[in-house]
Amino acid sequence: MIFWMMPDNGTLTQRITEKILAGFKKHNPGLNITIRVINRRTLWTKMFTLKHEIGRAGCPDIIAFPHYWTGLLVKANLLENLTELDKSLRVDNCLDPLKPFCYKKDTVDIYSYPWWMDITALHYREDHLKLVTSKPEELLSTWRGFLEACAMLKDYFSGKEDYFPVQNNDLRGSLSYRSALPCIWGRGGDIFDETRTASGLGTEAFRLGLQDFIDLALKGYMPILRERSSNGAISSGKSSMMITRRQGLSMFEGKESSFKVKTLPVPKTGREHINYLSGVNLGIVRGGANIEHALELIKWLTRPEKQIEYASITEVFPALEGSFENFLLASPHRIQNYAHIIAGARTMSNHTASGTVMEILGNIMSKAASAAVMNRYSGAILESELKKADAEVNNILHLYNE
């Protein structure tokens, strides 16, 4: 059986997953499970050629993917109907924001099952912020205040080599389009209009929200496209804050550090905090040779104790209600940090085109990052890219006719 997954734990993903699967293999002697770790961009590309590989050697039996890809994968006829495989399968115990992303549109048939989820938040070193402000939480509540804090920190640590106020958590060192979503939503923008029949990329609110995040790089507050060894890191004192969807429990609960890190909602660009909630779902590739074992593996990975185990290692959250509640209750820090953040969380639109639009947005941010590094960035570049992307998204929506 072949399992495709994204690098949830960086270079340790395969080793950690094999350890997690040891118990499953023990109860299924003779079953060989091959784990293939594929980065998000490559996985997205492979989705479009996968239907030609079904039944051939190397074709995956089970895949893990961003929850909002479900609609497109179903439309492409790539996934097995899990409800047909097991009539008793339910997602009633899944967290509400993730439920719609499990079904085929306008049906009660389940095509993907929630595995884990994450939520954007701002984390800051308490010792660093105390050096520049007596009211860090008040200052960091707005994006304007966040940029002011960055400016003060950059000035205070001007003598520290390779210091940046904000750590870049994008694996490629680029501008994270997923981390930019709270800025866009806070401004009142979105990837689609209210009817979800037209693109939202051409609106002024969308442009301003994207520019808010890009400003972190333009002002020299966050490193981009640099060698990883020279990227500011909060753990080494070469940065003071980071916006990330991971909890970083080993650091944030003070288990392995001499400093305290506090957690807040992403600074608001508008009237309220809006944090990005995202999930990873599991699906079975249609027509595979190991469908029964793949279904067993999905059920096994989403057991409460397995969800909590994987969430703890990966520094994310379980996606099922009972596991999620137990995970929060196990740590006073989690409850204190995330109760209000989760209350203001929002997920992507449940639309067939959502995955495609996010890839387009990723391309825009990559171009913005490259231009910024070469000191060629201007607002006109962003306007031009968004104009082209707006037309492209409208064409895609017309093709999908959803």
A.B. asks: Only counting residues at least two apart or in another chain, list the ones meeting side-chain hydrogen bond (donor to acceptor under 3.5 Å, both in side chains) with Thr70.
C.D. replies: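 Ser112.
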A.B. asks: Is there any side-chain hydrogen bond (donor to acceptor under 3.5 Å, both in side chains) pair reaching into residues 204-215, and which pairs are they, with sequence neighbours excluded?
C.D. replies: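 Applying side-chain hydrogen bond (donor to acceptor under 3.5 Å, both in side chains) to every pair that reaches into residues 204-215, excluding sequence neighbours, yields Arg187-Asp212, Glu204-Arg207, Gln211-Asp215, Gln211-Tyr377.
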A.B. asks: Only pairs at least two apart or in different chains count here, so list each salt bridge (charged side-chain N to carboxylate O under 4.0 Å, His left out) that has a residue in residues 1-15.
C.D. replies: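 Output for this query is empty, none listed.
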A.B. asks: Answer with yes or no after comparing the ring centroid distance for Tyr400 and His351 against a 6.0 Å cut-off, counting only values under it.
C.D. replies: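 When the ring centroids of Tyr400 and His351 are compared, they turn out to be at least 6.0 Å apart.
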A.B. asks: Return the set of residues passing ring pair (Phe, Tyr, Trp, His ring centres under 6.0 Å) with Tyr276 (not counting sequence neighbours), or none when no residue passes.
C.D. replies: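 If we apply the ring pair (Phe, Tyr, Trp, His ring centres under 6.0 Å) test to Tyr276, skipping adjacent residues, the hits are Trp185.
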A.B. asks: Answer yes if the ring centres of Phe317 and Phe324 are under 6.0 angstrom apart, and no otherwise.
C.D. replies: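 Yes; Phe324 has its ring centre under 6.0 Å from that of Phe317.
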A.B. asks: Side-chain donor-acceptor contacts of residues 131-139 below 3.5 Å, not counting sequence neighbours, with atom names and distances?
C.D. replies:
unit_1	atom_1	unit_2	atom_2	d
Thr133	OG1	Lys135	N	3.1

A.B. asks: My understanding is that only residues two or more places apart in sequence, or in another chain, count here; which of them pass side-chain hydrogen bond (donor to acceptor under 3.5 Å, both in side chains) with Asp193?
C.D. replies: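 Counting only residues at least two positions away or on another chain, Asp193 forms a side-chain hydrogen bond (donor to acceptor under 3.5 Å, both in side chains) with Thr195.
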A.B. asks: If the condition is salt bridge (Lys or Arg N to Asp or Glu O under 4.0 Å), which residues does Lys154 pass it with, not counting sequence neighbours?
C.D. replies: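 Lys154: no salt bridge (Lys or Arg N to Asp or Glu O under 4.0 Å) contacts found.
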A.B. asks: Return all side-chain donor-acceptor pairs below 3.5 angstrom for residues 23-35, not counting sequence neighbours, or 'none' if the list is empty.
C.D. replies:
unit_1	atom_1	unit_2	atom_2	d
His27	ND1	Gly23	O	2.9
Asn28	ND2	Phe24	O	2.9

A.B. asks: Mind checking salt bridge (Lys or Arg N to Asp or Glu O under 4.0 Å) for Asp96 and listing every partner two or more places apart, or none if nothing turns up?
C.D. replies: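 Asp96 satisfies salt bridge (Lys or Arg N to Asp or Glu O under 4.0 Å) with Lys99 once adjacent residues are dropped.
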A.B. asks: Just checking, any donor-acceptor pair under 3.5 angstrom between side chains of Asp390 and Ser199?
C.D. replies: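 Note: Asp390 and Ser199 side chains meet the donor-acceptor criterion.
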A.B. asks: Only pairs at least two apart or in different chains count here, so list each side-chain hydrogen bond (donor to acceptor under 3.5 Å, both in side chains) that has a residue in residues 291-307.
C.D. replies: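 Found Asp86-Lys299, Lys306-Glu309.
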A.B. asks: Please identify each residue that fulfils salt bridge (Lys or Arg N to Asp or Glu O under 4.0 Å) with Lys219, with sequence neighbours left out.
C.D. replies: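 If we apply the salt bridge (Lys or Arg N to Asp or Glu O under 4.0 Å) test to Lys219, skipping adjacent residues, there are no hits.
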A.B. asks: Tell me the salt bridge (charged side-chain N to carboxylate O under 4.0 Å, His left out) pairs involving residues 34-48, sequence neighbours left out?
C.D. replies: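 For residues 34-48: Arg41-Glu359.
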A.B. asks: Suppose we call two aromatic rings close when their centres sit under 6.0 Å apart. Are Tyr310 and Trp115 close by that rule?
C.D. replies: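 For Tyr310 and Trp115, the ring centres are under 6.0 Å apart.
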